[in-house]
Amino acid sequence: MTVTVAAVLAADGINIAKNVGFGIIAFGMVFAALCVVSTRNIVHAALWLVVVLGGVAAQYILAGAEFVAVSQVLVYIGAVMVLFLFGIMLTRAKIGSDEGMFNDGWALGIPVAALLFGLLGWVIIDYAGDDVIANQTPTPTVMLSDAYLGPFLIPFLALTFVLLAAAIGAIVIARKD
Amino acid sequence: MLAANFLLLSAVIFCIGVFGVIARRNAVLVLMSIELILAAVMLNLVAFSAVLGTIDGQVFTLFVIGVAAAEVGVGLAMVLMVYRNRRSIALDELSEMKG
């Protein structure tokens with residue numbers, strides 16, 4: 001049975017090693033994401049989030065987007081997680097009445113998420129079906145830089161102003177007067 | 001690889017993030033769930049970039065990374081200010097603007 005499936009996949013031009021790696025990383029990511037939204041310890045939630053974001057970076061490499069994967073590691077695991085840990089550290093006190101991490105109506109989230117996943121899954125299966133990603137060679141970084149300094153130059157400059165405004169705004173909001 | 005693999009994985013992560021935004025009470029944990037949603041969207045963009053064989057998805061992904069970094073910075077600054085004024089970041093207690 002497995003051999004037959006493997007033969008069919010190989011005949012379709014699907015790389016089996018990549019599929020196995022994808023499955024392992026995907027399982028770890030889903031497990032870690034469930035831990036992020038269900039654990040009762042905030043610091044543990046932040047550390048599980050690191051696992052999810054690292055898994056996303058690994059999936060980028062599987063999809064041939066290496067520069068994006070490295071940027072993901074630098075920005076998220078390097079910078080954003082430090083910001084989250086500082087946020088946890090600065091706001092960690094006994095919260096009001098109890099230490100509850102969940103809203104009263106938290107169970108409402110389960111049907112909403114299940115319904116959303118049903119809809120998205122149906123659309124994805126209908127759209128992609130058994131389409132195979134043909135070209136998975138790594139993208140040369142030169143193509144990205146050409147895109148940024150060519151057709152996407154104006155959005156790129158706009159993004160620099162967004163980051164500048166956000167940095168100044170964060171300082172102004174968080175400053176003690 | 002199948003294109004649906006990436007898309008279904010990102011759909012699962014997205015739905016888990018939506019559940020976190022609805023269920024969590026602590027503002028920092030809600031921001032973390034929003035990060036899950038953004039990660040799912042970025043995975044989707046990279047997957048479509050690979051499916052269509054163009055570079056645009058990756059360009060957009062890097063834009064999203066930049067905007068998400070700005071969002072986290074401002075969001076955490078706001079959470080910090082709320083905490084400083086009220087000594088609490090439980091979202092169900094922030095009801096001054098309720099009509």
Side-chain angles (χ1 to χ4, degrees), chain A residues 14-15 18-19 22 26 30 33-34 36-37 42 45 49 52-53 56 59-60 63-65 68 71-72 75 80 83 87-88 90-91 93 95-96 100-103 106 108-109 112-113 116-117 120-121 124-125 128 130-133 135-136 139 143-144 147 152 159 162-163 166 169-170 173-174, chain B residues 1-9 11-20 22-26 28-29 31-33 35-36 39 42-43 46-47 49-51 53 55-56 58-59 61-63 65-70 72-74 76-81 83 87-93:
Chain A
I14 297 175
N15 191 329
K18 273 190 177 176
N19 273 314
F22 173 88
V30 172
L34 286 173
V36 170
V37 296
I42 301 189
L49 188 61
V52 179
L53 296 172
V56 171
Q59 303 287 18
Y60 289 164
V68 181
S71 308
Q72 167 95 0
V75 173
V80 169
L83 214 56
I88 291 169
L90 292 173
T91 60
I95 295 175
M101 291 291 172
F102 291 96
N103 282 322
W106 66 272
L108 189 65
V112 170
L116 190 59
F117 177 69
L120 285 174
I124 288 168
I125 297 295
D130 45 2
D131 286 1
V132 177
I133 297 178
N135 179 20
Q136 289 180 69
T139 315
M143 283 175 69
L144 273 175
F152 291 97
L159 182 66
V162 168
L163 284 169
I173 290 175
Chain B
M1 293 180 73
L2 292 178
N5 282 0
F6 284 113
L7 303 182
L8 282 176
L9 174 65
V12 171
I13 303 277
F14 184 89
C15 293
I16 293 173
V18 168
F19 168 75
I22 294 173
R24 286 298 204 179
R25 186 160 172 262
N26 184 311
V28 177
L29 285 169
L31 277 177
M32 283 185 204
S33 304
E35 286 304 311
L36 281 183
M42 291 191 292
L43 188 58
V46 168
S49 170
V51 169
I55 195 90
D56 296 351
Q58 296 185 30
V59 173
T61 304
L62 285 165
F63 279 134
I65 287 177
V67 173
V72 169
V74 175
L76 280 173
M78 286 167 63
V79 169
L80 210 61
M81 192 182 64
Y83 176 74
R87 315 309 295 173
S88 162
I89 51 171
L91 290 177
D92 51 359
E93 292 172 15

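The structure displayed is predicted, hence computed values, not measured ones. So you know, we letter chains A, B, ... as the sequences are listed, proteins then strands, and number each from 1.
- Contact tally against chain B (heavy-atom pairs below 4.5 Å) for L49(A), L108(A), V56(A): the top residue is L49(A).
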For N5(B) and K18(A), run side-chain contact (heavy atoms from CB on, under 4.5 Å): C-alpha distance rounded to whole Å, both residues' side-chain angles, the deciding distance at 0.1 Å, then the answer. CA-CA 11 Å; N5(B) 282 0; K18(A) 273 190 177 176; over 6 Å; no
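- F6(B) touches chain A through backbone and side chain together, each having a heavy atom under 4.5 Å away.
- Both the backbone and the side chain of V30(A) come within contact range of chain B, judged by heavy atoms closer than 4.5 Å.
- Pairing each heavy atom of L83(A) with each of G73(B), the nearest pair is CD2-CA, 3.8 Å.
- In terms of heavy-atom pairs under 4.5 angstrom with chain A, the leader among V59(B), V74(B), I22(B), L43(B) is V59(B).
- For a residue to count as touching a neighbouring chain, one of its non-hydrogen atoms must lie under 4.5 Å from one of that chain's; by this rule L62(B) touches chain A with backbone and side chain alike.
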side-chain contact (heavy atoms from CB on, under 4.5 Å) between V36(A) and I16(B), intermediate numbers included: CA-CA 9 Å; V36(A) 170; I16(B) 293 173; over 6 Å; no
List the steps, then state whether side-chain contact (heavy atoms from CB on, under 4.5 Å) holds for Y60(A) with M42(B). CA-CA 9 Å; Y60(A) 289 164; M42(B) 291 191 292; 3.0 Å; yes
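- Here the shortest heavy-atom pairing between N26(B) and I42(A) reads ND2-CD1, 3.1 Å.
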Could you give me the CA-CA distance, side-chain angles and deciding distance for L159(A) and F63(B), then say whether side-chain contact (heavy atoms from CB on, under 4.5 Å) is met? CA-CA 7 Å; L159(A) 182 66; F63(B) 279 134; 3.6 Å; yes
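- Scanning all heavy atoms of the two residues, the minimum distance from A77(B) to A170(A) falls at CB-O, 3.7 Å.
- In terms of heavy-atom pairs under 4.5 Å with chain B, the best-connected choice from L34(A), I125(A), L53(A) is L34(A).
- For a residue to count as touching a neighbouring chain, one of its non-hydrogen atoms must lie under 4.5 Å from one of that chain's; by this rule V28(B) touches chain A with backbone and side chain alike.
- For the set D56(B), V51(B), I65(B), the count of heavy-atom pairs under 4.5 angstrom toward chain A peaks at I65(B).
- Put simply, of V79(B), V72(B), L91(B), V18(B), the one with the most heavy-atom pairs under 4.5 Å next to chain A is V72(B).
- Y83(B) approaches L90(A) most closely through the heavy-atom pair CE2-O, 3.3 Å.
- Both the backbone and the side chain of A33(A) come within contact range of chain B, judged by heavy atoms closer than 4.5 Å.
- In this view, A23(B) and F102(A), W106(A), F19(B) satisfy the side-chain contact (heavy atoms from CB on, under 4.5 Å) rule, not counting sequence neighbours.
- Partners of I124(A) under the side-chain contact (heavy atoms from CB on, under 4.5 Å) rule, at least two apart in sequence or in another chain, are A4(B), L7(B), L8(B), A11(B).
- If you measure heavy-atom distances from A174(A) to chain B, the contacts under 4.5 Å come from both the backbone and the side chain.
- With a 4.5 angstrom heavy-atom cutoff, L9(B) touches chain A only via side-chain atoms.
- Note: L144(A) leads L120(A), V75(A), L144(A) in heavy-atom pairs under 4.5 Å with chain B.
- When heavy atoms are compared at a cutoff of 4.5 Å, L31(B) approaches chain A by way of both its backbone and its side chain.
- Nearest heavy-atom pair across M143(A) and I55(B) is CB-CD1, 3.8 Å.
- Remark: I89(B) CD1 to T91(A) OG1 distance equals 3.5 Å, nearest 0.5 Å.
- When heavy atoms are compared at a cutoff of 4.5 Å, M32(B) approaches chain A by way of both its backbone and its side chain.
- Contact detail for G87(A) and L76(B): the closest heavy-atom pair is CA-CD2, 4.3 Å.
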